[in-house]
Every structure is written in C-alpha cells, then in structure tokens.
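Naming convention: chains lettered A, B, ... in sequence-line order (proteins, then strands); numbering from 1 in each chain. This one's a predicted model, so the numbers in the text were calculated from it and none came from an experiment.
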Amino acid sequence: MKKAITPNVVSSAELEYYRRPVVQKDVDIELFHQKILGFHKDNRRSFPWRETTDRYAIMVSEIMLQQTQADRVTEKYQAWMRRFPDIRTLADASLRDVLALWSGLGYNSRGQRLQNCAREIEDRFNGVVPSLPTELKTLPGIGDYTCRSIPVFADNLDVAAVDTNIRRIIIHEFALPEDISKSQIQAVAEQLLPIGRSRLWHNALMDYGALFLTSRNTGIRPLTKQSKFEGSKRWYRGRLLKELVARDCVFVEEIHEKYGSCPWGLQEILDDLLREGLVEEADWSNRQGGRVLRIRAR
DNA sequence: ATCCGGAACG
DNA sequence: CGTTCAGGAT
C-alpha cells in the first residue's frame with residue numbers, strides 16, 4: 001500500500017493554510033503564487049512549443065497534448081510543424097498525410113479535427129486562428145480546456161485553463177473533495193490566476209503537477225478512465241485505420257478475412273469510421289467485385 | 001456515462 | 001500488467 005504524501009511537507013502553519021476550503025484573501029493567494037513559481041524557477045521542463053507564441057503552433061501543440069504525455073509529443077510536434085507549417089498548408093493537405101503524421105499519438109480523430117479546424121479557419125476566420133476562447137470553442141476538437149489554453153500560451157491571456165494537472169493540484173493543495181464539479185474547480189482556478197502572468201503561471205502549475213504533485217504521489221485519480229486496450233474494439237479500430245492509411249484502398253471482404261477474429265462487430269467499426277468521415281467508399285466501388293474502402297480523399 | 005489510442009512508466 | 005496522460009464529442 002503506497003502512502004499518499006500529505007500537504008504538510010513544509011510546516012504545520014502551511015498545513016493549516018492548505019486546509020482552508022477556498023482561499024479568498026490576497027495574502028494567501030500570494031503565498032501560493034510564491035510556492036508554485038518558486039518551484040518552477042528551479043524545475044522547468046523544456047518544450048519546443050514553449051519557444052513560440054504563434055497561435056497556430058500553439059493550437060497544434062495543445063491538440064496533440066490532449067490526453068498525451070508532453071514528453072511523447074515533442075518529436076511529433078516538430079515533424080508536424082515541418083510538414084504543415086501554417087494553416088493554409090494543413091487545410092490543403094490530404095487526410096491521409098494528416099493521419100500518417102498523427103500515427104503513434106492515438107485518438108486519430110484529433111488529427112482529423114485539427115485539419116478541420118484549419119479548413120474552418122480558412123473559411124470563417126480569414127485564415128487567422130481566432131484569439132478568443134468563445135470563438136475557438138466553436139471549432140472541432142476544441143473544448144473547455146483547449147479554448148482557454150491556446151490564448152493563454154499564445155497571447156498570455158488572463159483566463160484559467162484547467163487540465164488534469166491543475167485540477168489535481170487544486171484538489172490536493174486546498175483539500176477539496178475529488179468529486180468536486182468542473183465549474184467549482186474552474187472558479188477556484190480563476191481566483192488563483194496571477195493577472196499578467198498567465199502563460200508563466202500555467203506552465204509553472206503544469207510542471208509542478210507533472211514533476212512533483214503527481215497522481216501517484218497524491219492518490220488523486222484523473223477524471224478519465226480507460227478500459228483495457230489490448231484486443232479491444234479501439235485496438236482493432238486503430239489497426240484497421242493504420243492499414244487504410246498505409247494502402248490506397250482495401251476490399252471490405254479482405255478486411256473481414258484479415259480481422260475475422262475481431263470479437264466486436266467489424267461492421268460497426270467500419271460504420272463508425274464512415275460516419276465520422278475518416279473513411280469513405282471509393283466511387284468506383286462495387287464495379288470491382290465488392291465494396292472498396294479508403295481514407296477519405298476530401 | 002461512454003466512447004475515442006497508444007506509448008511509457010513503476 | 002495496471003495506470004496515466006496539457007480532453008472532447010456524443
């Protein structure tokens with residue numbers, strides 16, 4: 001049985017401070033700022049997306065970082081930015097190229113949605129990534145966290161973006177219940193934000209959570225839980241999509257032969273891929289002795 | 001509330 | 001081998 005670390009790693013006076021439900025007084029918040037920023041001064045991670053304020057580049061990194069460890073994103077991000085350096089290039093690319101570069105990151109729909117973001121930005125925002133959370137939120141694959149994190153890191157905007165690290169830190173440091181609502185956490189995060197230092201603050205919190213106040217150390221579990229992957233429906237879907245990316249097109253019959261061992265409805269998986277627009281039926285399908293599928297051409 | 005990937009870690 | 005991960009859509 002692992003023992004979770006307790007907040008009183010420093011002093012009992014600090015413990016008393018941390019145990020307060022929600023801190024309102026400026027002096028207490030100032031103490032918390034010093035604690036986090038002080039830690040960050042000596043323990044900061046280095047990532048390529050921290051070297052830019054280009055909003056498109058930040059958007060790419062934030063989508064890639066969704067549910068993916070930061071260390072694992074670095075190389076993918078660099079390859080992506082070389083191949084798709086700007087909105088226009090990404091909007092004009094083929095979905096096959098997009099998925100090929102996404103390969104290995106997981107949750108392939110994120111890659112597709114990122115491209116759809118680029119296409120919508122071309123159409124609706126004159127090719128310029130929006131700067132406001134309310135506008136970003138209307139784009140595919142950009143939700144409550146990402147619509148805030150992009151302006152935070154690109155523009156130093158004073159809004160609070162709560163990811164799994166920041167949620168865990170707030171729950172632990174202020175001894176809040178784990179089942180606290182998203183809106184409650186959001187409210188606390190907004191109170192804690194040091195105005196004018198949003199980018200630095202969010203980087204500091206995330207480094208603090210990733211390097212020190214980890215899930216393992218605190219015993220605080222993340223919101224999302226996954227069923228076993230090996231042999232799962234997602235596992236077959238991933239393999240299937242990977243093969244479709246590698247090949248021009250595939251007969252449905254061939255898919256059933258190759259993945260006949262799939263205990264899940266293979267047809268259901270294919271229907272999902274078709275419905276989501278990742279895969280399409282070739283227009284010359286059926287004239288070739290059966291249905292033919294391929295990655296959506298456009 | 002469930003589904004969406006896949007790699008890395010202890 | 002179970003858990004985690006700068007979440008989002010349905």
Side-chain angles (χ1 to χ4, degrees), chain A residues 2 40 44-50 57-77 99 102-114 116-117 133 136-154 159-170 179 182 185-186 189 198-211 213-242 245 264-265 268-269 271-273 275-279:
Chain A
K2 289 183 193 67
H40 187 243
R44 69 177 80 217
R45 295 179 295 172
S46 173
F47 298 116
W49 51 87
R50 289 188 177 181
I58 297 297
M59 177 172 73
V60 170
S61 72
E62 286 304 323
I63 300 292
M64 285 188 171
L65 285 162
Q66 291 170 357
Q67 287 292 288
T68 310
Q69 281 90 342
D71 289 324
R72 217 155 55 67
V73 168
T74 299
E75 285 197 9
K76 299 290 184 182
Y77 166 83
L99 294 177
W102 195 267
S103 179
L105 278 173
Y107 287 157
N108 298 289
S109 300
R110 287 185 297 159
Q112 178 199 25
R113 291 179 183 139
L114 178 52
N116 286 339
C117 275
L136 288 162
K137 187 80 155 35
T138 67
L139 294 168
I142 296 185
D144 288 327
Y145 165 74
T146 310
C147 78
R148 292 173 171 85
S149 70
I150 292 172
V152 162
F153 293 119
V159 294
V162 180
D163 75 325
T164 187
N165 288 299
I166 297 177
R167 167 184 170 273
R168 184 176 60 251
I169 293 169
I170 289 175
D179 59 0
K182 280 184 65 177
I185 290 278
Q186 180 70 31
S198 185
R199 174 167 32 221
L200 173 68
W201 177 243
H202 283 83
N203 279 329
L205 279 175
M206 288 175 181
D207 286 352
Y208 188 70
L211 299 174
L213 210 60
T214 61
S215 176
R216 179 177 297 274
N217 285 345
T218 60
I220 298 172
R221 300 292 152 228
L223 254 21
T224 52
K225 189 142 185 144
Q226 290 270 27
S227 49
K228 199 170 75 177
F229 179 60
E230 182 79 21
S232 70
K233 187 179 172 186
R234 293 196 321 284
W235 185 76
Y236 278 98
R237 175 181 153 123
R239 289 191 48 173
L240 196 48
L241 194 64
K242 195 179 179 80
V245 168
W264 316 88
E268 191 182 321
I269 295 177
D271 287 343
D272 287 345
L273 292 172
R275 179 175 45 76
E276 293 169 33
L278 284 161
V279 170

| Got a donor-acceptor contact below 3.5 angstrom from the A:Thr68 side chain to the A:Gln66 backbone? | yes

| query | With nearest nucleotides of DNA chain C determined for A:Val162 and A:Lys228 from heavy-atom distances, which residue corresponds to the more 5′ nucleotide? | reply | A:Lys228

| message | Regarding B:dG5, can its base be found pairing with the side chain of A:Thr68 as donor and acceptor, where the two atoms are less than 3.5 Å apart? | response | yes

| task | Assign A:Leu105 to base, sugar-phosphate, or nothing according to its heavy-atom contacts below 4.0 angstrom with the strands shown. | result | base

| said: For C:dC5 and A:Thr164 - does any side-chain N or O of the residue sit under 4.0 Å from the phosphate oxygens OP1/OP2? | reply: yes

| query | For A:Gln67 and C:dG7, is the shortest distance between a side-chain N/O and OP1 or OP2 below 4.0 Å? | reply | yes

| query | Are A:Asp207 and A:Arg44 within salt-bridge range, i.e. N to O under 4.0 Å? | reply | no

| Reckon A:Trp49 touches a base, only the sugar-phosphate, or nothing at all at heavy-atom distances under 4.0 Å? | base

| Given the C1' atoms of C:dG8 and B:dA8, what is the spacing between them in whole Å? | 23 Å

| query | Is A:Asn108 touching bases, backbone alone, or none of the nucleic acid, heavy atoms closer than 4.0 Å? | reply | sugar-phosphate

| message | So, under a plain 3.5 Å distance rule, would you say the side chain of A:Arg45 forms a donor-acceptor pair with the base of C:dA6? | response | yes

| message | Looking at every non-hydrogen atom in both residues, tell me the closest pair between A:Leu136 and A:Cys147 and how far apart they are. | response | CD1-O, 3.6 Å

| message | What contact category does A:Arg50 fall into here, base, sugar-phosphate, or nothing, at under 4.0 angstrom with non-hydrogen atoms? | response | base

| query | Distance only, no hydrogens: is a donor on one side chain within 3.5 Å (strictly under) of an acceptor on the other, for A:Arg168 and A:Asn165? | reply | yes

| said: Is there a side-chain contact between A:Arg167 and the phosphate of C:dA6, meaning an N or O under 4.0 Å from OP1 or OP2? | reply: no

| task | Provide the distance between the two C1' atoms, one in B:dG10 and one in C:dA6, to the nearest whole Å. | result | 22 Å

| query | Does A:Ser109 put a side-chain nitrogen or oxygen below 4.0 Å from OP1 or OP2 of C:dA9? | reply | no

| remark: From the candidates C:dG7, C:dA6, B:dG5, the one with an atom nearest any side-chain atom of A:Phe229 is B:dG5

| task | Round to the nearest Å and state the distance from A:Asp71 atom CG to B:dG6 atom C1'. | result | 16 Å

| Rounding to the closest angstrom, what is the interatomic distance between B:dA7 and C:dA9 at atom P? | 24 Å

| Sugar-phosphate, base or nothing in reach of A:Gly106, heavy atoms under 4.0 Å | base

| query | Do you see a donor-acceptor pair shorter than 3.5 Å between the side chains of A:Gln226 and A:Arg234? | reply | yes

| Which of the following nucleotides, C:dC5, C:dA6, B:dG5, is nearest to the side chain of A:Asp163? | C:dA6

| said: Under 4.0 Å, heavy atoms only, any strand: does A:Asp272 hit a base, just the sugar-phosphate, or nothing? | reply: nothing

| message | So A:Thr224, base contact, sugar-phosphate only, or nothing? Heavy-atom distance under 4.0 Å. | response | base

| Distance, C1' atom - from B:dG5 to C:dT3, rounded to whole angstrom | 15 Å

| task | With heavy atoms under 4.0 Å as the rule, sort A:Phe47 into base, sugar-phosphate or nothing. | result | base

| field | Selected nucleotide, minimal atom distance to A:Thr146 side chain, candidates B:dG6, B:dG10, C:dG8 | value | C:dG8

| task | Starting from the 5' end of DNA chain C, give me the residue, A:Gln69 or A:Gln66, whose nearest nucleotide shows up first. | result | A:Gln69

| Would the A:Tyr236 and A:Trp264 ring centres measure less than 6.0 Å apart? | no

| field | A:Arg237 side-chain N/O to B:dG5 phosphate OP1/OP2 under 4.0 Å | value | yes

| message | Does A:Arg113 reach a base, just sugar-phosphate, or nothing at all? Heavy atoms under 4.0 Å. | response | sugar-phosphate

| said: Any N or O donor-acceptor pair under 3.5 Å from the base of B:dG5 to the side chain of A:Gln226? | reply: yes

